[in-house]
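To start, the structure under review is shown below, and the notes come after it.
Here the structure is a predicted model, which is why all the values come from computation and not from measurement. Each chain gets a letter, A, B and so on, in the order its sequence line appears, and its residues count up from 1.
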Amino acid sequence: MRFRRAQSRRSAERYSALKGIQDILPPDIYIWQRVEETAREIFSAYGFQELRAPIIEATEIFIRSIGETTDIVEKEMYTFSDKAGRSITLRPEGTAPVVRCYVENHLYNLPSPQKFFYSGPMFRYERPQAGRFRQFFQIGVEAFGTSDPKLDAEIFSMLRLFIERLGLKGLNFEVNSIGCEKCRPDYRKALLNFFSGRINGLCPDCKRRYEYNPLRILDCKVDVCIELRKGAPRVMDFLCNECREHFNALLSLLKLLNVPYVINPDMVRGLDYYTRTTFEVTSEQLGAQNAVAAGGRYDRLVEEFGGPPTPAIGFAIGMERLVALLRTPTLNQVQGELRTPAPEIFIATIGAPAEKEGLVIANRLREKGIWVEVGYAGNSLKSQLRRADRLSAGYVLIIGDDEISSGKLKWKRLSDGSQGEILFQEVYDFFFKNLRLIQS
RNA sequence: GUGAGUGUAGCUCAAUGGUUAGAGCACUGGACUGUGGCUCCAGGUGUUGGGGGUUCAAGUCCCCUCACUCACCCCA
């Protein structure tokens, strides 16, 4: 006996979700749903259509797009062999699968530009911390087929509208241009040249960065590096004429649309495929992982995947980070809308006949789409009312032997304690008039 | 992969190395035989994350280990 209990206790405590992977439960899920609904609404208005790409792909797809020497590819991918020995990877980001889908389905034959959005989980094998998880959800958009800066402006302003529509204030919207395959090598060279004399003063990480990704030194948080990079050449000064024109056109369009922005010439993107426009939405409230959304142009990627030369641009929003901000009262202007929904009616019963009657009434109301809860397991009337109160139910219906014999049941409104009686068969009419009409 | 911090009841947390490890919240019942919120009362079989050590004595000190958290790296 003692042995059996010990064993069952152990097995009950054995399982927990994998490290960095979390459950999303009802109080939060309503925030998630509101974010998703808002995204659908706003993105649709800009002509973006939903697309669902798989969450696993051939490993090669991510190596080709993200870049062989990036941290994501080198050490963060969930990669495994399937039963036929093919190398499969859980997507660490959303753009590559969408580009593969675009090319494979010849979507470039449809009128350009084509605009898509998607949402779903991404996977990276990283050490979790605030705002960083091994499974994390993104809502992303990708638009293909034009390099017109008007599209960049639309996407940036769409992101801004989305954030504002959710009720968030005080976020930073930053934009930059990192040039194209023509002008970036010149800039890289200038940067290497600038740092070559100061390399000994840099932090150990930046010494490595100097070798494989010198742009990243601009992003370093260490004081000595911040000091040493003063006077470093700016990307902006190395843009080719086309890139400069494109960037200037974007900025003037943002002004035209009254979309506020800050130029951040030090902004660097982690993925190799970005060209020209890059942008980021950040918040100081998020901890070290401060980006809630980020994106940019990737004008060469479709071609890289075997499609026709097709300029493209997109961004991704980190769901968990966005939800964290929505839970921060100082940033969220519409807290009230985040309330958890509550049952409209709770049916409390006393005795077996009343319990049956209550269940019948509950079902009749539920068929009309009204959320009805009932008392279970013969709890006392008091405890049923307490539960109704805890659920924040609108009304309680009370049914006992007295009500069955009189044919009338009692109703009680929990917000003010008012009570009354109604005939059993008039329950639906009563609530249609008093509950539904009041609410709408 | 690196570093730091924290692990005590379902939750949030107490407990100068010294009796039988406590409190609030939550939950259930009662006071109020059929009326929630307020009040009062009652209800706990906790491997003090796990293992080892020091000690007459360890939740407390030491070592190992695991988990979580934050930060670095990197990124949404």
Which part of the nucleic acid, if any, lies within reach of A/Phe279 when heavy atoms closer than 4.0 Å are counted: base, sugar-phosphate only, or nothing? nothing
Whichever of A/Pro128 and A/Gly131 has the more 5' nearest nucleotide on RNA chain B, that residue is A/Pro128
Out of B/A71, B/G29, B/A76, minimum distance to the side chain of A/Arg386 belongs to B/G29
Determine: side-chain N/O of A/Lys19 to OP1/OP2 of B/C68, distance under 4.0 Å, yes or no. yes
Does a nitrogen or oxygen in the side chain of A/Ser380 sit under 4.0 Å from OP1 or OP2 of B/G34? no
Salt bridge or not for A/Lys230 and A/Glu227, using N-O below 4.0 Å? yes
Result for 5'-nearest mapping on RNA chain B, choosing between A/Val222 and A/Val281, is A/Val222
Nucleotide opposite B/A4 in a Watson-Crick or G-U pair, distances under 3.5 Å: B/U69
Taking a pair to mean Watson-Crick or G-U wobble geometry with both distances below 3.5 Å, B/C13 pairs with B/G22
Report yes or no: is the cationic atom of A/Arg198 (NZ for Lys, CZ for Arg) under 6.0 Å from the centre of the six-membered ring of A/Phe194, at an angle within 45° of the ring normal? yes
Partner of A/Trp411 by ring pair (Phe, Tyr, Trp, His ring centres under 6.0 Å), out of A/Phe346, A/Phe431, A/Phe430: A/Phe430
Is any side-chain N or O of A/Lys382 closer than 4.0 Å to OP1 or OP2 of B/G30? no
If the cut-off is 4.0 Å, is A/Arg390 near the phosphate of B/C27, judged by side-chain N/O to OP1 or OP2? yes
